[in-house]
Colleague: 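What follows is a single structure, and I will ask about it in a moment.
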Protein chains: 2
Amino acid sequence: MGDHPLSEQDTVALIELMFFAYRDFVSDPDGILGQYGFGRAHHRVLHFVGRDPGMTVQQLLDILQITKQSLGRVLKELIDKGYVFQKEGETDRRQRLLYLTEAGEELRQRLMGPQMNRIRRAVALPEGSAAHLYRKVLYHMVSPANREAVRDWIDRASLLGEPKDGG
Amino acid sequence: MGDHPLSEQDTVALIELMFFAYRDFVSDPDGILGQYGFGRAHHRVLHFVGRDPGMTVQQLLDILQITKQSLGRVLKELIDKGYVFQKEGETDRRQRLLYLTEAGEELRQRLMGPQMNRIRRAVALPEGSAAHLYRKVLYHMVSPANREAVRDWIDRASLLGEPKDGG
DNA sequence: GAAATTACGTCAGCCATGTTGACATATTTA
DNA sequence: TAAATATGTCAACATGGCTGACGTAATTTC
């Protein structure tokens with residue numbers, strides 16, 4: 001079942017939909033971020049730190065796949081403006097564990113709202129269980145070399161109900 | 001059926017997958033583009049012009065949703081390096097209709113190859129008809145205000161088998 | 001205990017690609 | 001003839017990537 005490859009037509013349509021969907025997907029947060037003098041890069045940091053409070057700088061770099069210099073710039077701004085703070089690691093005092101302040105968590109939620117609505121709207125189709133399939137499809141669109149890291153993140157993140165510390 | 005909204009957990013996982021998937025989705029073309037001294041912006045122009053040869057500059061602007069100054073820069077480079085050429089409109093001589101040269105079409109195909117593989121791989125799941133659902137999901141992730149334009153594009157592009165002109 | 005490695009920060013400069021605002025030219029429409 | 005349209009271009013600026021180099025504190029290794 002289902003190993004008829006997609007037609008060229010259909011495949012190209014999906015490529016283009018990926019472009020349009022992503023463009024609009026990030027447009028809501030972009031508008032909010034502007035009010036704070038932030039950009040997309042700040043959003044990513046807020047999001048992932050909020051999901052995994054106490055993560056190290058290196059862990060964040062691994063997820064974002066950018067250089068520490070790029071991260072440094074936005075991280076500094078988030079800290080200076082009071083949305084993120086750092087704590088010295090207890091077992092390894094070289095580490096600067098990352099946490100959101102209350103304002104940071106509020107902003108993170110505010111940014112996530114429209115995207116959650118968008119996802120829920122998109123997945124709430126008469127066909128029903130679109131969510132499961134969609135998740136699989138997006139997962140398989142990640143490069144094989146990155147899948148373990150992505151799966152680790154998703155698995156680990158799903159365990160992070162309560163903040164570990166840092167208030 | 002299926003109007004139970006997605007759990008917060010699942011929704012956030014999809015938001016993150018969208019980020020990871022898009023990041024990797026554009027990574028293959030990025031590598032190729034580097035060899036030509038081009039970037040993502042050039043890719044978009046090559047792609048859409050190749051899909052709709054003879055389109056006007058304004059049509060391209062509407063699809064990309066960028067300013068004409070931004071487009072102007074990359075378009076000029078693509079023309080100077082011989083991947084795109086322009087033809088005066090026949091009915092309206094103010095227009096500069098856009099076409100790919102042979103080199104442009106070759107590069108476009110080369111850039112599209114890895115993305116087609118990626119989509120086909122992602123959609124070829126045991127569940128079978130993921131493609132249809134996936135298309136719907138991505139479509140519904142486009143902002144309502146943009147859906148008509150996106151649908152128009154997809155519909156129109158599906159009719160463009162043969163180039164209209166321009167050799 | 002000295003040396004190497006690691007985690008992190010920072011300075012400086014470069015590049016790609018988006019933005020706004022202003023202005024010019026040719027052509028079409030009213 | 002006047003106004004609107006399609007396109008191009010100049011200048012300045014912002015964001016967020018990048019490389020390369022260097023510094024410091026802490027940990028690990030020999």
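The figures here come from the full heavy-atom set of this structure, side chains too, leaving out hydrogens, waters and symmetry mates. As the structure is a prediction and not an experimental result, all values here were calculated from the model. So that the names make sense, note that chain A is the first sequence line, chain B the second, and so on, each numbered from 1.
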Colleague: Do B/Gln69 and C/dG21 have a side chain to base donor-acceptor pair shorter than 3.5 Å?
Modeller: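 Such a pair is found, so the answer is yes.
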Colleague: Is it true that, when you exclude A/Gln35 itself, more than 12 heavy atoms of the residues, nucleotides or ligands shown sit nearer than 6.0 Å to its CD?
Modeller: yes
Colleague: Students often mix this up, so state it plainly: with edges at 30° and 60°, are the rings of B/Phe38 and B/His42 parallel, tilted or perpendicular?
Modeller: parallel
Colleague: Please tell me if A/Gln86 has a side-chain N or O lying less than 4.0 Å from either OP1 or OP2 of C/dG9.
Modeller: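 Yes.
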Colleague: Reckon B/Ser70 has a side-chain N or O less than 4.0 Å from the OP1 or OP2 of C/dT19?
Modeller: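 For C/dT19, OP1 or OP2 has a side-chain N or O of B/Ser70 closer than 4.0 Å.
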Colleague: Report each atom pair, protein N/O against N/O of nucleotides 27-30 of chain D, whose distance is under 3.5 angstrom.
Modeller:
{"residue": "D/dT27", "atom": "OP1", "partner": "A/Arg93", "partner atom": "N", "Å": "3.2"}

Colleague: For the residue pair A/Tyr36 and A/Arg110, confirm or rule out a side-chain donor-acceptor distance under 3.5 Å.
Modeller: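 Side chains of A/Tyr36 and A/Arg110: pair found under 3.5 Å.
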Colleague: Of all the choices, D/dG17, C/dT19, C/dC8, which nucleotide is nearest to the side chain of B/Thr67 once you look at every atom?
Modeller: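 For B/Thr67, the side-chain atoms sit closest to C/dT19.
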Colleague: Kindly point out which of D/dT7, D/dG16, C/dT19 is positioned nearest to the side chain of B/Arg96?
Modeller: D/dT7
Colleague: Can a donor-acceptor pair under 3.5 Å be found between the side-chain atoms of B/Arg73 and the base atoms of C/dG18?
Modeller: yes
Colleague: Choosing from D/dG16, C/dT17, C/dC8, which nucleotide comes nearest the side chain of B/His42?
Modeller: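 That would be C/dT17.
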Colleague: Mark yes or no for a side-chain to base donor-acceptor pair under 3.5 Å between A/Lys68 and C/dG9, with no hydrogen or angle criteria applied.
Modeller: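 Present.
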Colleague: Using the closest heavy atom to pick a nucleotide of DNA chain D for each, name whichever of A/Ile66 or B/Gly72 lands nearer the 5' end.
Modeller: B/Gly72
